[in-house]
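First up is the structure itself, then whatever we jot down about it.
For the numbers below, each heavy atom of this structure counts, side chains included, while hydrogens, waters and symmetry mates do not.
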Amino acid sequence: MKQRGPGGDRPLTRRPGTGEGAHRRSDPGPAKPKIDKASANDQALDSVIAADKREALKLAPVSHETEARLDRYIALLREWQAKTNLVAPSTLPNLWTRHIADSLQLVDLAPAAKRWADLGSGGGFPGVVLACAMAGTPGASIHLVERIAKKAAFLREAVRVTTSPGVVHLAEIGDNVDRITGPVDCVTARALAPLHQLIGFAEPLMHQGAKALFLKGQDVEAELTEAAKYWNIEPRLHQSRTGDGWIVELDAAERRS
């Protein structure tokens, strides 16, 4: 039943006392800015890579023109890395020392070489790096042999954006002789296969006069022992500037009968 108030027939209403209405939603405060974690992570990685670049260029100095080409190459690699596994994700912070400087040191071991063949180029190490370094050398050419179509597509784009003298061959590694025309001064490979298999891939080019430079890890002595079962070789070892690895230099190889 409605109660009559002193002013007429309207129902009496109560004013909320102290503590009443506490269950009501309070006015929202100022909105907190959203943190883009992906962007923050990218910025942190940018900083780490920049510091790593400074260290790498101390190990393997290059011209400003070559540095600019390598910058474009690294930017492209990071873009493609999101969809195609070009390098081990754990090595991204050390792209410059682990991959760029490691590749550049080959130039000093074959200073007269202008025509290179990189077998199993993958993400472009050492082939694209060599192409960037040799871009200003008249008559330079770097043949990049890769059997995986996605990686070959990346290599073609890397050669384009760096305006470097790279030639990409989508082919099985053992088919390199048929694909590569003209003489080759130096043949190389990195993280591709055991040494005795690498020599088998490279031997036709070596037979035509190419020097071989193979980047290997700490177990190089075991690989040399195994390779000696199949090949007559006289290797020269160069310790890597960038870690515990080695570079195996070969001028010739003859298959054991």
(request) Indicate, with yes or no, if L170 and V167 share a hydrophobic cluster defined by side-chain heavy-atom contacts under 4.5 Å among Ile, Leu, Val, Met, Phe, Trp and Tyr. (result) no
(message) Using side-chain heavy atoms (C-beta onward) and a distance below 4.5 Å, is P126 in contact with L215?
(response) yes
(request) Calculate, to the nearest 0.5 Å, the distance between atoms CD and CD belonging to E157 and E79 respectively. (result) 8.0 Å
(message) Please check: side-chain N/O of R69 versus main-chain N/O of T162, any donor-acceptor pairing under 3.5 Å?
(response) yes
(request) Taking the side chain as every heavy atom from C-beta outward, state whether E254 and I233 have any pair of such atoms under 4.5 Å apart. (result) no
(message) Same cluster or not: I49 versus V87, using hydrophobic residues (I, L, V, M, F, W, Y) connected whenever any side-chain heavy atoms lie under 4.5 Å apart?
(response) yes
(request) Taking the side chain as every heavy atom from C-beta outward, state whether L119 and T188 have any atom pair closer than 4.5 Å. (result) no
(request) Please report the C-alpha distance between L250 and I199 in whole Å, then the side-chain angles of each, then the deciding distance to 0.1 Å, and finally whether the side chain to side chain contact (heavy atoms under 4.5 Å, CB included) criterion is met. (result) CA-CA 9 Å; L250 297 171; I199 297 172; 3.9 Å; yes
(message) Does R115, at its CZ atom, have more than 12 non-hydrogen atoms belonging to other residues, nucleotides or ligands within less than 6.0 Å?
(response) yes
(request) Report yes if the side chains of S141 and H143 come closer than 4.5 Å at any heavy-atom pair, otherwise no. (result) yes
(request) Heavy atoms only: give me the nearest P93-L45 pair and the separation to one decimal. (result) CA-CD1, 3.9 Å
(message) S121 vs V128, test: side chain to side chain contact (heavy atoms under 4.5 Å, CB included). Steps then yes/no.
(response) CA-CA 8 Å; S121 294; V128 173; over 6 Å; no
(request) Check M134 against W116 and note the closest heavy-atom contact, atom names and distance. (result) CE-NE1, 4.0 Å
(request) Apply the test salt bridge (Lys or Arg N to Asp or Glu O under 4.0 Å) to residues D102 and R241: give CA-CA distance (whole Å), side-chain angles for both, the deciding distance (0.1 Å), then the verdict. (result) CA-CA 7 Å; D102 194 49; R241 302 175 193 169; over 6 Å; no
(request) Mark yes when over 12 heavy atoms from residues, nucleotides or ligands other than R147 sit less than 6.0 Å from its CZ; otherwise mark no. (result) no
(message) Once rounded to the nearest 0.5 Å, what's the spacing between atom CG of L70 and atom CD1 of I100?
(response) 5.0 Å
(request) Flag the pair L198 / R190 as yes when at least one side-chain heavy-atom distance between them is below 4.5 Å, and no otherwise. (result) no
(message) Side chains of N94 and T91: any donor to acceptor distance under 3.5 Å?
(response) no
(request) Look only at the side chain of R255 and the backbone of Y230, and say whether a donor-acceptor pair between them is shorter than 3.5 Å. (result) no
(message) Is the shortest side-chain heavy-atom distance between I247 and L106 below 4.5 Å?
(response) yes
(message) For the backbone of T66 and the side chain of S63, can you confirm whether one donor and one acceptor N or O come within less than 3.5 Å of each other?
(response) yes
(message) Under 3.5 Å, is there a donor on one side chain and an acceptor on the other for H169 and E146?
(response) no
(request) Of all the heavy-atom pairs spanning E67 and L57, show the shortest one and how long it is. (result) CD-CD1, 3.9 Å
(message) With rounding to the nearest 0.5 angstrom, report the CG to CG distance, L95 to L86.
(response) 10.5 Å
(message) Pairing donors with acceptors under 3.5 angstrom, does anything connect the side chains of T97 and D52?
(response) yes
(request) Please report the C-alpha distance between L144 and V159 in whole Å, then the side-chain angles of each, then the deciding distance to 0.1 Å, and finally whether the side chain to side chain contact (heavy atoms under 4.5 Å, CB included) criterion is met. (result) CA-CA 10 Å; L144 312 172; V159 167; 3.9 Å; yes
(request) For the pair F154 and V168, evaluate side chain to side chain contact (heavy atoms under 4.5 Å, CB included) and give the outcome as yes or no after the intermediate values. (result) CA-CA 10 Å; F154 167 75; V168 180; over 6 Å; no
(request) For the residue pair K211 and V187, establish whether any side-chain heavy-atom pair is separated by less than 4.5 Å. (result) no
(message) Give me the atom names and distance for the closest heavy-atom approach of P165 to A131.
(response) CD-O, 3.2 Å
(message) So Q197 and P194, do their side chains get closer than 4.5 Å, heavy atoms only?
(response) yes
(request) Taking all heavy atoms of G120 and all of L192, pick out the closest pair and write down the distance. (result) CA-CD1, 3.9 Å
(message) With side chain to side chain donor-acceptor pair (under 3.5 Å) as the rule and sequence neighbours excluded, what pairs involving residues 213-224 come up?
(response) K216-E223, Q218-D244
(request) Without swapping roles, check the side chain of T84 against the backbone of Q81 for a donor-acceptor pair under 3.5 Å. (result) no
(request) Please confirm whether F214 and F201 have ring centers closer than 6.0 angstrom. (result) no
(request) Report the distance from atom CG of L92 to atom CZ of R98, rounding to the nearest 0.5 Å. (result) 11.0 Å
(message) Which heavy atom of D118 sits nearest to which heavy atom of A189, and what is that distance?
(response) OD1-CA, 4.0 Å
(request) State the NE2-OH distance between H99 and Y73, to the nearest 0.5 angstrom. (result) 8.5 Å
(request) Not counting sequence neighbours, which residues clear salt bridge (Lys or Arg N to Asp or Glu O under 4.0 Å) with K114? List them please. (result) none
(request) Could you walk me through whether D46 and K53 pass the salt bridge (Lys or Arg N to Asp or Glu O under 4.0 Å) test, one step at a time? (result) CA-CA 10 Å; D46 288 344; K53 174 184 173 180; over 6 Å; no
(message) Determine whether a donor-acceptor pair (N or O, by modelled atom type, separation under 3.5 Å) exists between the side chain of R72 and the backbone of V161.
(response) yes
(request) With rounding to the nearest 0.5 Å, note down the distance linking CG in L109 to NE2 in H238. (result) 5.0 Å
